[in-house]
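Computed from a predicted structure; not experimentally measured. All ligand and atom numbering here is 1-based and tracks the order in the structure. Hydrogens, waters and symmetry mates are skipped; everything else that's a heavy atom, side chains included, is used.
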Amino acid sequence: MATESADIAEKGLRVAVVVGSTRSGRFAPVVADWLLGHLGARGDMTADLIDLVETPLPTTFPSFGGELEPGAAELLAAVTPRLEAADAFVVVTPEYNHSFPAPLKNAIDWHNSQWHGKPVGFVSYGGLSGGLRAVEQLRVVLAELNAMTIRNTVSFHGAAQCFDADGKPLDPAADAAGKTMLDQLAWWAEALRDARRLRPFAA
Ligand SMILES: Cc1cc2nc3c(=O)[nH]c(=O)nc-3n(C[C@H](O)[C@H](O)[C@H](O)COP(=O)(O)O)c2cc1C
């Protein structure tokens, strides 16, 4: 246990930040950078940014038991081991038509065991909704993958008007909400990491 505590203190919980929007001219980097700032300021977590623009995934699935299409394995190799290594996830998602973007669903669907028994927090943004409906739909999807979604979220309503020119939220409540969400994520990440070590997750 002492070794494990030292490990957490030294390296931190590994948090994969998955950015759901790949749209040209997307607002996502403003939100993701704000979150990465919070993660960087913590002593208990290290972040791995998984930006689906930088590491796109194939969009054609093979038949059951069939071969991947040419090039697919290489694309997956840039993402899958990082999801596998993560102790926890934060999904940064906008809302598109009352749900979350298709590239995010694609990234979720390419994986399965990588989500098992791990916590997922959310930072959402959008128009009036602030992405809340996207988050509620993600909870349903991630439950199917045996992930544990965190209750408290951060949502930016009318996102383009929520940040100053330096990418700082105008409302300090956002920073407080971010801290609460990450504190809850850390609790679950440690508890579930301990549990998975004690008894490997069996789906
Ligand atoms: C296809 C599309 C559908 C959208 N649907 C919604 C919606 O249902 N609710 C909402 O609040 N905002 C909606 N928006 C606004 C986006 O959430 C908002 O522009 C957000 O900044 C988009 O994220 P992105 O710029 O990182 O792609 C939609 C935007 C797009 C492009």
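Between atom 31 (C) of ligand 1 and the options Phe156, Tyr125, Tyr96, the minimum heavy-atom separation is to Tyr96. Atom 6 (C) of ligand 1 has its nearest heavy-atom neighbour, among Glu95, His98, Arg26, in Glu95.
Within the structure, the closest approach of His157 to ligand 1 does not fall below 4.0 Å when heavy atoms are considered.
Contacts classified as side chain to side chain donor-acceptor pair (under 3.5 Å) and involving residues 115-126 (residues at least two apart or in different chains) are given here: Asn112-His116.
Residue contact check: Ala28 has heavy atoms under 4.0 Å from atoms 26 (O) of ligand 1. Every atom of ligand 1 with a heavy atom of Asn97 under 4.0 Å away is listed here by number and element: 3 (C), 4 (C), 5 (N), 6 (C), 7 (C), 8 (O). For ligand 1 and Arg133, the ligand atoms under 4.0 Å from any heavy atom of the residue are 9 (N). When each atom of ligand 1 is checked for a heavy atom of Phe27 under 4.0 Å away, the hits are 21 (O), 24 (P), 25 (O), 26 (O).
For atom 19 (O) of ligand 1, the closest non-hydrogen atom on the protein side is Arg23 NH2, 4.8 Å.
Salt bridge status for Arg42 with Asp44: present, with a side-chain N to carboxylate O gap under 4.0 Å. The pair Asp183-Lys179 meets the salt-bridge criterion, with a side-chain N (NZ, NE, NH1 or NH2) lying under 4.0 Å from an Asp/Glu carboxylate O.
Between the side chains of Arg14 and Thr46, no donor-acceptor pair of N or O atoms lies under 3.5 Å. Counting only N and O atoms by type, the side chains of Ser129 and His157 include no donor and acceptor under 3.5 Å apart.
Ring centroid separation for the pair Phe156 and Phe163 comes in under the 6.0 Å cut-off.
Where the criterion is an N or O separation shorter than 3.5 Å, residue side chain and backbone included, Gly130 fails it with respect to ligand 1.
Only backbone heavy atoms of Leu128 (N, CA, C or O) come within less than 4.0 Å of ligand 1; its side chain stays farther off.
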